[in-house]
Amino acid sequence: MARLTMKFGGTSVGSPEAIAQVAEIVKDHLAGGHQLAVVVSAMSGVTDALLESASAAAEGEKKTYAAINASIAEKHHGVIDALIASPPGRDAIRAEVDELLRGHLELCEAVSILGEATPRISDALVSYGERLSSRVIAAVMAAEGLLVKQVDSNDFIVTDNVFQNADPLWDETEARIANGLLPILSNGVTPIITGFIGATPDGTLTTLGRGGSDFSAAIIAAYLNSDELIIWTDVDGVMTADPRLDARARVLPYVSYQEIGELAFYGAKVLHPKTVQPIIARDIPLRVRNTFNPAHAGTVVGSRAQASETVIKAVTGIRDVSMLTVSGPGMLGVPGIAGRTFLATANAGASILMISQASSEQSFCFTVVDPLAQDVKAAVESELRREIQHNDINSVEVLSEIVIITVVGAGMRGTPGVAGRVFSLLGEHRINVLAIAQGSSECSISFIVAENDLERAVGELHTLALETVENDRVNGLASPY
Ligand code: ADP
Ligand code: ASP
Ligand code: MG
C-alpha cells in the first residue's frame with residue numbers, strides 16, 4: 001500500500017466527461033489498495049470568470065456579474081445532471097452549489113457598493129471556483145460508491161496575508177495537516193480537497209497565486225508524507241517546449257527538481273513554480289501525467305540530476321516583460337547601487353525575473369513583468385535621485401516588447417561551450433540577444449530577445465533539445481502505483 005497525493009487541474013475537471021474520467025482514475029488507485037488525498041482545481045475557465053466578476057462588480061456592472069454567476073451555475077449543474085442519477089444525492093449537491101453561488105452574488109453586490117475589489121475580496125471571490133468543483137466532484141464520487149469527503153484547504157493551509165500570492169506558514173500548516181487531514185485518510189476515507197486556497201491564522205481566505213493548486217497539492221503531499229505526488233493535467237508530461245508554441249514538443253521521461261524549478265519559473269505553465277519547494281527536502285517523487293491518457297507513464301521529477309548527452313533538455317519563454325537598464329559614467333566602483341535598485345523594485349511590489357550585469361560595471365539590467373515596469377522605473381529613479389541629478393547615473397531606460405527565453409538542462413554544469421553553442425545558433429539565424437544571465441543552479445541560461453523573435457528562437461533551440469530526447473530514450477519509468 002502506498003499513500004499518494006494527486007491533483008487534477010482545470011481541464012481535468014472541466015466537463016462531465018473529464019470528471020467521470022477523474023473518478024475512474026481515483027477508483028483504480030483505490031482498488032490498488034492505496035490511500036489517496038485528492039486535490040482539485042476549479043473547472044476550467046471558472047477562475048478567469050470569477051476574476052471577471054470581481055472587476056465587473058467593482059465597475060457596478062450588475063448584469064455582467066449576474067450573467068457570470070449564472071454561467072458558473074450552469075456549468076456545475078451540467079455535471080450534476082450528467083453524472084448523479086438519483087434524486088437524494090442530486091438534490092443535496094444542487095442545493096449546496098446554489099447556496100455557494102448565492103454567496104458569490106452577495107459578495108459581488110458588496111464589491112459594487114464599495115466600488116473596489118481589493119486583493120482580499122478578490123481572493124474571497126475566486127475561492128468559489130475550487131469550493132464548487134470540490135463539492136461537485138466529491139458528490140459524483142460518492143454517487144459512484146466511493147468513500148470520500150469534501151475538504152476545504154483553508155482549514156489546513158495557513159498562510160501569510162499576501163492576498164493573491166500567499167505563502168504558507170509552514171509549521172502551523174504541518175500541524176494542521178497531521179492532526180486534521182491525516183486522520184481522514186487513516187479512516188479509509190479519501191479527502192477531495194480544494195486546491196489554490198488557504199487562510200490567514202485568523203481565518204481570512206487567501207489564494208496561492210494563479211496555477212497554485214499544484215503548490216497546494218505539494219504542501220499536502222509533503223505533510224502527509226506521501227510516497228508520490230501525481231499532478232494530473234491535460235498533456236502527457238513535462239515537454240521539451242510548450243506544445244502550443246512548437247508542435248514538435250516531446251515528453252521528457254525524467255527531469256530533476258532543479259530543472260523543473262527553472263522551467264516553471266521561466267514560463268512553462270505545466271507546473272506552478274513553487275510546486276517542488278515543499279517536496280524537495282523530503283525527496284518525494286513527483287509525476288506529471290495526462291488525465292486523458294493514463295496509459296502514458298508521464299514525466300518523473302526527482303532529486304537525481306541526470307545530464308543528457310546534448311545538454312539542453314527544454315526551452316521555455318516568458319512574454320509580457322520589460323527590461324530596465326541602470327547605467328551611467330559614475331557607477332564604476334560605487335557600491336550599493338544594485339542593492340538600492342533591487343530594494344526599490346521590491347518596494348514597488350515587483351519580483352525580478354532576471355538580472356544581467358556587464359563586466360565593465362557601468363550598467364546592469366533586470367527584468368520585471370510589463371504592468372509594473374513604469375512603477376519600478378519611478379521607484380528606482382526616486383531612490384537614485386541624487387546620483388541622477390549629479391549625472392553619475394542616467395535615467396532608467398525601459399525596453400518593452402521583449403521576451404525572456406530560457407534553456408534548461410542539468411548537463412550544463414561543467415559542460416563547456418553550451419552557451420557558445422546556444423548563442424552561435426542564434427547568431428546564425430540573426431536573432432539579436434539583448435542580455436544574458438546564467439541561473440544560479442547552473443542548469444539554465446536565460447536571455448532576452450525582441451518579442452517578434454520568440455517563435456524563431458524557441459524553434460531553433462528546441463531543435464537542440466529534441467536531439468536530446470532522441471538520444472536519451474530512458475523510458476521504462478512506468479508508475480509503480
Ligand atoms: P492544469 O489546468 O492541469 O493545471 P495548465 O494549463 O496549468 O494545466 O498547464 C498545462 C499546460 O501547460 C499544457 O496544456 C501546455 O499547453 C502548457 N505548457 C507550457 N509549457 C509546457 C511544457 N514545457 N511542457 C508541458 N506543458 C507545457
Ligand atoms: N484555479 C486556479 C487558477 O486557475 C488554480 C489552479 O487551477 O491551479 O489559477
Ligand atoms: Mg496549472
Side-chain angles (χ1 to χ4, degrees), residues 1-9 12 21-40 141 146-148 177 181-182 184-193 195 213-239 250-261 263-264 270-272 275-308 313-314 410 469 472-481:
M1 193 221 38
R3 182 180 296 153
L4 309 173
T5 297
M6 27 178 89
K7 173 257 173 180
F8 294 91
S12 300
Q21 173 67 12
V22 167
E24 274 311 302
I25 290 172
V26 167
K27 206 187 284 176
D28 279 353
H29 283 83
L30 289 174
H34 305 305
Q35 265 185 5
L36 301 188
V38 175
V39 176
V40 295
M141 290 181 179
L146 302 180
L147 205 52
V148 297
I177 288 177
L181 197 56
L182 189 55
I184 299 178
L185 274 79
S186 308
N187 284 333
V189 176
T190 300
I192 310 297
I193 311 161
S213 296
D214 299 328
F215 188 29
S216 312
I219 296 164
I220 290 166
Y223 294 141
L224 286 177
N225 263 318
S226 296
D227 294 297
E228 188 170 276
L229 166 62
I230 309 171
I231 301 286
W232 293 94
T233 182
D234 57 5
V235 285
D236 284 337
V238 178
M239 304 176 99
R250 299 277 297 272
V251 176
L252 291 156
Y254 179 85
V255 293
S256 68
Y257 291 134
Q258 275 183 342
E259 288 170 324
I260 196 67
L263 273 173
V270 64
L271 278 183
H272 187 277
T275 310
V276 291
Q277 236 180 52
I279 56 173
I280 286 185
R282 286 158 202 260
D283 208 357
I284 296 174
L286 157 66
R287 195 181 279 265
V288 180
R289 299 185 69 176
N290 190 346
T291 303
F292 307 101
N293 186 18
H296 196 291
T299 299
V300 176
V301 183
S303 54
R304 204 162 31 96
Q306 178 183 288
S308 51
K313 281 195 186 170
V469 196
D472 274 4
R473 287 276 152 248
V474 253
N475 240 317
L477 292 164
S479 170
Y481 308 115

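Computed from a predicted structure; not experimentally measured. Quick note: numbers below take in every heavy atom, side chains included, and nothing from hydrogens, waters or symmetry partners. All residue numbers in this chain count up from 1 along the given sequence.
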- Query: Under a 4.5 Å cut-off applied to non-hydrogen side-chain atoms, are Val39 and Ile220 in contact?
  - Reply: yes
- Task: Look up atom CG in Leu4 and atom CG in Leu30, then write down how far apart they are to the nearest 0.5 Å.
- Result: 9.5 Å
- Message: Any non-hydrogen side-chain atom of Leu182 less than 4.5 Å from a side-chain atom of Leu224?
- Response: yes
- Shortest non-hydrogen contact from Pro294 toward Phe292: CD-C, 3.6 Å
- Task: Answer yes or no: is there a donor N or O on one side and an acceptor on the other, between the side chain of Arg287 and the main chain of Ala297, under 3.5 Å?
- Result: yes
- Could you grab the distance from atom CE of Met239 to atom CG of Leu252, nearest 0.5 Å is fine? 8.5 Å
- Task: Would you indicate whether the side-chain heavy atoms of Tyr223 and Leu181 approach each other to under 4.5 Å?
- Result: no
- Item | Candidate pair Leu146 and Lys27, rule side chain to side chain contact (heavy atoms under 4.5 Å, CB included), full reasoning | CA-CA 7 Å; Leu146 302 180; Lys27 206 187 284 176; 3.8 Å; yes
- So, do Ser216 and Ile193 sit near enough that their side-chain heavy atoms are less than 4.5 Å apart? no
- Would you say Val238 and Lys313 make side-chain contact, with heavy atoms under 4.5 Å? no
- Task: Flag the pair Val288 / Val251 as yes when at least one side-chain heavy-atom distance between them is below 4.5 Å, and no otherwise.
- Result: no
- Ser303 versus Tyr254, closest heavy-atom pair with distance: N-OH, 3.6 Å
- Any chance you could measure Thr291, atom OG1, to Ile231, atom CD1, to the nearest 0.5 Å? 10.5 Å
- Task: Give a yes or no on whether the backbone of Arg3 and the side-chain of Asp227 come within a donor-acceptor separation of less than 3.5 Å.
- Result: yes
- Message: I need the minimum non-hydrogen distance between Val235 and Asn290, along with the two atoms involved.
- Response: O-CB, 3.2 Å
- Message: Pair Leu271, Leu286 - check side chain to side chain contact (heavy atoms under 4.5 Å, CB included), show working.
- Response: CA-CA 11 Å; Leu271 278 183; Leu286 157 66; 3.7 Å; yes
- Item | Nearest atoms (heavy-atom pairs only) where Thr190 meets Leu36 | CG2-O, 3.5 Å
- Given Thr299, which of Val255, Val270, Ile260 fulfils the side chain to side chain contact (heavy atoms under 4.5 Å, CB included) condition? Val255
- Note on the structure: For Ile279 and Ala221, the nearest pair of non-hydrogen atoms, with its separation, is CG2-CB, 4.4 Å
- Task: Using a 4.5 Å cut-off on heavy atoms from C-beta on, say whether the side chain of Ile280 contacts that of Gln258.
- Result: no
- Separation between OG (Ser186) and CD (Gln35), nearest 0.5 Å, reads 5.5 Å
- Hey, can you tell me if His272 and Phe215 have their rings parallel, tilted or perpendicular (30° and 60° cut-offs)? parallel
- Output yes when a side-chain donor or acceptor of Thr5 lies under 3.5 Å from a complementary backbone atom of Ala217, and no otherwise. no
- Message: Ile219 vs Ile177, test: side chain to side chain contact (heavy atoms under 4.5 Å, CB included). Steps then yes/no.
- Response: CA-CA 9 Å; Ile219 296 164; Ile177 288 177; 4.2 Å; yes
- Task: Search all heavy atoms of Glu228 against all heavy atoms of Ser479 and return the closest pair with its distance.
- Result: OE2-OG, 4.1 Å
- Task: Quick one: sort the Trp232 and His29 rings into parallel, tilted or perpendicular, breaks at 30° and 60°.
- Result: perpendicular
- Got Asp283 and Tyr257 here, is their nearest side-chain heavy-atom distance under 4.5 Å? yes
- Mind checking the CG-CE spacing from Leu229 to Met6? Nearest 0.5 Å is all I need. 9.5 Å
